[in-house]
Enquirer: 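Sharing a structure, written as structure tokens. Questions coming.
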Amino acid sequence: MRIVVLGKTSPMIDLSHLRADFPILHQQVHGEPLVYFDNAASSQKPRAVIQELTRYYEQDNANVHRGLHELSNRATDTFEAARKKVARFIGAANTHEVIFTRGTTESINLVANVWANQYLKAGDVILYTGMEHHSNLVPWQLAAKRSGAVVKHIPVLDDGTLDLSLLDSLLTEQVKIFTCVHVSNSLGTINPVRELCAKARALGITTLVDGAQAVGHLPVNVQEIGCDFYAFSGHKMCAPTGIGGLWGRAEKLAAMQPWHGGGEMIEVVTLETSSYKAAPARFEAGTPDIAGVIGLGAAVDYLEKVGIDTIHQHGRELTAYALQCMAELPGIHILGPQSERGALVAFHLACAHPHDLVEFANTHGLALRGGHHCTQPLMKRFKVPGTSRASFYFYNTTAEVDRMMDILHRAVKFFS
Amino acid sequence: MRIVVLGKTSPMIDLSHLRADFPILHQQVHGEPLVYFDNAASSQKPRAVIQELTRYYEQDNANVHRGLHELSNRATDTFEAARKKVARFIGAANTHEVIFTRGTTESINLVANVWANQYLKAGDVILYTGMEHHSNLVPWQLAAKRSGAVVKHIPVLDDGTLDLSLLDSLLTEQVKIFTCVHVSNSLGTINPVRELCAKARALGITTLVDGAQAVGHLPVNVQEIGCDFYAFSGHKMCAPTGIGGLWGRAEKLAAMQPWHGGGEMIEVVTLETSSYKAAPARFEAGTPDIAGVIGLGAAVDYLEKVGIDTIHQHGRELTAYALQCMAELPGIHILGPQSERGALVAFHLACAHPHDLVEFANTHGLALRGGHHCTQPLMKRFKVPGTSRASFYFYNTTAEVDRMMDILHRAVKFFS
Amino acid sequence: MALSDDLRDLYQQVILDHSKSPRNHGQLTCDCVHVHGDNPSCGDEIDVYVKFSDDGSIADIKFDGQGCAISQASASMMTVKVKGSSRTKVNTLMQDFRSTVMGEGSIQDEDALGELQLLEGVQKFPQRVKCAMLGWRALEQAIQQAEEAKC
Amino acid sequence: MALSDDLRDLYQQVILDHSKSPRNHGQLTCDCVHVHGDNPSCGDEIDVYVKFSDDGSIADIKFDGQGCAISQASASMMTVKVKGSSRTKVNTLMQDFRSTVMGEGSIQDEDALGELQLLEGVQKFPQRVKCAMLGWRALEQAIQQAEEAKC
Ligand SMILES: Cc1ncc(COP(=O)(O)O)c(C=O)c1O
Ligand SMILES: Cc1ncc(COP(=O)(O)O)c(C=O)c1O
């Protein structure tokens, strides 16, 4: 057993007692205890969240907003209470600034459709970075095609950070929107979104931050960040699949046209034309994922109980520990910054293609992810066919990292 | 106790034993047993579906499609198996024709954006009907605004059916898309979608059917209907909230551009441009509502066990019974056709505004819905400020209709 | 099956009476401010017609429209109360009435409310607050319009 | 920690050997058909170069590219097997190999498959079928191109 010494004096935060809250973690896979290190793809759900879904369906289920009967009232109250919780959790000034979506991808697409269709014109520049997830590239490429705007990007340096020396030459008057991932899901890089957004906003540029890997992992306060839009996914922060959010600055949302049309987003409908409610209702056409929203509320409750600072600190320590262990592996190429990073390590082993390595790991109960992680441009940038990625959450332990190391050492032997 | 005599010879289908499968039904509301007659807004969920969600989260939860590890493989298999189930349930020729969405509203918006933006031009006609849900009006009004197309509608007759005498004059060469609700959520009318789509298709007109109130309530076979698109919601057919589908004819989908951009819908992404997968992946950007899809699969399993013909027959009988009872109420105005209709009755009592009536009902444990039911144009058409609506599902009983009648009689006394 | 106390409070006899036989029902034609108000989500509509005296007090008021018992009764009771009242009195009444149906804030002049206090049952039915406020919102707008016209 | 049997089957020594030291690796330059194949979702890429004889048999074949052990080994073993073979033989081989890795359909000529049979371990890993087929799909396309060029 490896001995945990971090910074030598302060012992690591131990959250292993929380594992009892996660039923899925206590299973064998291929005859060995599951080690779930694919949290950047999707987190596991605590019993509190799963039970809240059951409670909702067994006691309160009904359509929201439109009813005057008891179940509908209860559902609506819990639904809107969840919006308040989420708003507070991300530091929104106003509950009405939180729009529920399926997740980060839909949130970004909302802005890349509604906002972009209203404001982008031919010749305008959309600025993103070289480390964006496909979900923050493709919507803008599509928006560029529709509007005649062009896409540009801030390149990524060898150490996995943005090449900010180019910032002033890239962040010009032509730029209408700047969008940036908060925490990279492939590199772990934590981008200086606050500074970037301040620069952009000073030039009157609208800003969006992709917070898929940030919310629920480190303290997020949209007002401090100073962006105009912030997108995130519930399923990566202990909430059910299929729910997420878009935070939008009130004055931006107020100027935006509807996107989806349908029930709940309207005021008056005739057979010829219609008028629309204000945000958030304006952007939530149709029956929402009621249970998903309520589950997201329960996830926020759970995370707040654990403490977002604790979660953040645990992630840093576990990642530092993993980085230190993994450096020993022969032929390893670890992507991303050496120090400050999100709780994930993507790497490439000279001896094994990621898919072979992940397959090998899987037969030992270790869940890694192998591939491009929806960041194909980054794979090209770092000249790797893909990477293997271990991504952690607060319920992961150093003992699990030790087990990963054993398995990786065996893999090296097997494939070399 | 009322005695049930229907058609005099054949006794009514009794599915009351299935109530044991629905935990939510066994509760008191305001001291009286809940009578849930708001099924057209959202159905309740059987234990089999709720437990499948729990099972998924406690055993298999992981992101789909991208993983090579055990949980991800399991999640992906169950997810894609659900797509097969849904495809079979609605009679799709091909599993790839089923796209998962949040529900009917998103499904319609997908077509009213992607298809409409590609094919509609100024002067084209979008033909819908006077009994469409807002979700099948507003997206087309928005599409018309973008394209310069105009919207027209088939009017509704006093008996709640479409005025088909105008069909030939309305279904002209200028019409590019015809869209129609299968079962009206306000009138109960079951439209002759098969005949309507045949006429439209003969003229080369693309067709969409809004099946929100049809799937899971009566047998639906998209190939027999002969439409090009068919939209539906899971939450109205025993599935979780937040999930639904769009069926699209393979050749229509094949010609359609992407809508949302992001992970999973792409083939190759560079920092400048991207190429896309074929349907359904093309239209499912980002992490889907995995548990929702799996829950929808479980709902289909459950409904198939009960039997869709049985459900349909039960709905007809219970509605006939309710109609017969309600006719006695003084000052009642029942909307919609007298005979063949979906399992719902919307009505207006001369003595009480729908909101007062629904409030009254609620304090007796009876969940009705009052208002415009997202069909404001219909309310205008029938000169009512709104209606009260009782909508049934297979777990409802004649005894519950009897309780409703008692409550309605009391309400008449109270408000007169 | 006992009728719940809350419901009895909501629909007291006086309220039902006002909704069935609304006072000051109809339209004013000449020289008045007309405001149309609605709650689109529930379909309630109201038209309020107000004739102001030179000192800003309410010389005459009528309303019509359609809606639930609460919105109709509240509007009816409102017209009775405000007819002939000074601007200041109307403002206090409006604030006190809002506090009454919302169940929050303090009441400055309980006596002035009179019958309107019967609508405090709405507190237990938060979704109905906007019904009770419909007529009042229209009156508020009418006063604003009258003031703007003066400027 | 025992290495699972399934995994041992998937990565037999011969397969690992082929993936580490691929046969017929490189490019053909003159007078050959070149096909680029990829599995975008996993990033595997392959370039297959085929020189056909006048009778349609495969005179020479080489490949390069990058990808997992399965895709590389499968392509390497493929080149060894098909070099010098007639069109008919290649077609049978291709069908038999597909049946082998998919675990469905019948095998017409088991002997001809030889070493390729070792890849039947892929059956247990359905996600890897497309890795095993990558080189073969490229070859199939090369044959099609050659035929179209003749027409
Ligand atoms: C006929 C009809 N169409 C569309 C919808 C919209 O469905 P959803 O809200 O699930 O998107 C509904 C239900 O509200 C409906 O009844
Ligand atoms: C950085 C980043 N952005 C966007 C996404 C897309 O999130 P989702 O798939 O939940 O829409 C992800 C996760 O896959 C991500 O890691």
Side-chain angles (χ1 to χ4, degrees), chain A residues 23-24 29 38 41-42 44-45 50 53-54 57-59 61-63 66-71 102-103 105-106 109 130 134-135 137-139 141-142 151 153 235 240-242 260-263 266 269-271 273-274 285-287 289-292 355 358-359 362 367 369-371 374 376-377, chain B residues 23-24 29 38 41-42 44-45 50 53-54 57-59 61-63 66-71 102-103 105-106 109 130 134-135 137-139 141-142 153 235 240-242 260-263 266 269-274 285-287 289-292 355 358-359 362 367 369-371 374 376-377:
Chain A
I24 202 170
V29 164
D38 194 18
S42 202
Q44 296 305 342
K45 324 300 174 200
I50 303 172
L53 295 179
T54 300
Y57 283 127
E58 293 193 351
Q59 295 177 19
N61 177 65
N63 213 325
R66 296 178 229 172
L68 286 166
H69 60 78
E70 176 71 12
L71 298 189
R102 184 164 36 244
T105 302
E106 189 182 14
N109 276 277
H134 293 164
S135 290
L137 292 174
V138 184
Q141 294 174 355
L142 292 169
V151 291
H153 69 275
H235 70 96
T241 58
H260 298 198
I266 54 87
V269 178
T270 71
L271 286 169
T273 183
S274 305
T287 303
D289 183 358
I290 305 163
H355 285 171
V358 167
E359 198 85 81
N362 181 46
R369 187 150 294 236
C374 294
Q376 288 180 8
Chain B
I24 201 169
V29 164
D38 194 18
S42 203
Q44 297 305 341
K45 323 301 174 199
I50 304 171
L53 296 178
T54 301
Y57 283 126
E58 292 195 349
Q59 296 177 18
N61 176 64
N63 214 324
R66 298 178 227 173
L68 285 165
H69 60 77
E70 175 70 12
L71 298 189
R102 185 166 33 246
T105 302
E106 190 183 14
N109 276 278
H134 293 164
S135 290
L137 293 174
V138 184
Q141 294 174 355
L142 292 169
H153 69 275
H235 70 96
T241 58
H260 299 197
I266 54 86
V269 177
T270 71
L271 286 169
E272 292 76 34
T273 184
S274 305
T287 303
D289 183 357
I290 304 164
H355 285 170
V358 167
E359 198 84 82
N362 181 46
R369 186 149 295 236
C374 295
Q376 289 181 7

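Here is the naming used below: chain letters follow the sequence lines, and residue numbers restart at 1 for every chain. Please read these numbers as outputs of a predicted model, since none were measured by experiment.
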Enquirer: Looking at A/A62, A/G103, A/P240, which one has more heavy-atom pairs under 4.5 Å with chain B than the rest?
Expert: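 Most pairs with chain B among the choices: A/P240.
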Enquirer: Quick one: which of B/I266, B/V138, B/N109, B/T105 has the most heavy-atom pairs under 4.5 Å with chain A, could you say?
Expert: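 Of the candidates given, the most pairs with chain A belong to B/N109.
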Enquirer: Under the criterion side-chain hydrogen bond (donor to acceptor under 3.5 Å, both in side chains), I'd like the reasoning laid out for B/T273 against A/Q141: C-alpha separation, chi angles, the key distance, then a yes or no.
Expert: CA-CA 6 Å; B/T273 184; A/Q141 294 174 355; 5.0 Å; no
Enquirer: Considering all heavy atoms of both residues, which atom of B/P139 and which atom of A/G262 are nearest to each other, and what is their separation?
Expert: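 Scanning both residues completely, I find the closest heavy atoms to be CD-N, 4.4 Å.
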Enquirer: What closest approach, in Å, do A/L68 and B/E359 show between heavy atoms, and which atom pair accounts for it?
Expert: O-OE2, 3.9 Å
Enquirer: For side-chain contact (heavy atoms from CB on, under 4.5 Å), just list the numbers for A/Q376 and B/T270, CA-CA rounded to whole Å, side-chain angles, deciding distance to a tenth of an Å, and then say yes or no.
Expert: CA-CA 7 Å; A/Q376 288 180 8; B/T270 71; over 6 Å; no
Enquirer: Got a second to check how far A/N63's CG is from B/R369's CZ, nearest 0.5 Å?
Expert: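 Going from the CG atom of A/N63 to the CZ atom of B/R369 covers 5.5 Å.
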Enquirer: Which bit of A/V151 comes within less than 4.5 Å of chain B, counting heavy atoms only: side chain, backbone, both or neither?
Expert: side chain
Enquirer: So for B/H153, is it side chain, backbone, both, or neither that comes closer than 4.5 Å to the heavy atoms of chain A?
Expert: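 Contact with chain A: side chain only.
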Enquirer: Please classify the contact of A/L142 with chain B as side chain, backbone, both or neither, using a heavy-atom distance under 4.5 Å.
Expert: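 Side chain only.
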Enquirer: Side chains of A/P23 and B/Y57: closer than 4.5 Å at any heavy-atom pair?
Expert: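 A side-chain contact under 4.5 Å is absent here.
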Enquirer: For the backbone of B/G286 and the side chain of A/S135, can you confirm whether one donor and one acceptor N or O come within less than 3.5 Å of each other?
Expert: no
Enquirer: Let me know if B/L137 has heavy atoms under 4.5 Å from chain A in its side chain, its backbone, both or neither.
Expert: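 Side chain only.
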Enquirer: Are A/D289 and B/D289 close enough that some pair of their side-chain heavy atoms sits under 4.5 Å apart?
Expert: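 Yes, close enough: below the 4.5 Å cut-off.
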Enquirer: With a 4.5 Å limit on heavy-atom distance, are the side chains of A/E106 and B/R102 in contact?
Expert: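 The answer is yes; the side chains approach within 4.5 Å.
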Enquirer: In terms of heavy-atom proximity below 4.5 Å to chain B, should A/L71 be classed as side chain, backbone, both, or neither?
Expert: side chain
Enquirer: Between A/E58 and B/Q44, is there a side-chain heavy-atom distance shorter than 4.5 Å?
Expert: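 No. Closest side-chain heavy atoms not under 4.5 Å.
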Enquirer: Do B/N61 and A/H235 make a side-chain contact, defined as non-hydrogen atoms from C-beta onward lying under 4.5 Å apart?
Expert: no
Enquirer: To the nearest 0.5 angstrom, please state how far the NE2 atom of B/H134 sits from the OG atom of A/S274.
Expert: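 Between atom NE2 of B/H134 and atom OG of A/S274 there are 7.0 Å.
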Enquirer: What part of B/V269 is in contact with chain A, defined as an atom under 4.5 angstrom from a non-hydrogen atom: side chain, backbone, both or neither?
Expert: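 Both backbone and side chain.
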Enquirer: Do you know which of A/L271, A/V29, A/I290 has the most heavy-atom pairs with chain B at a distance under 4.5 angstrom?
Expert: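 Most pairs with chain B among the choices: A/L271.
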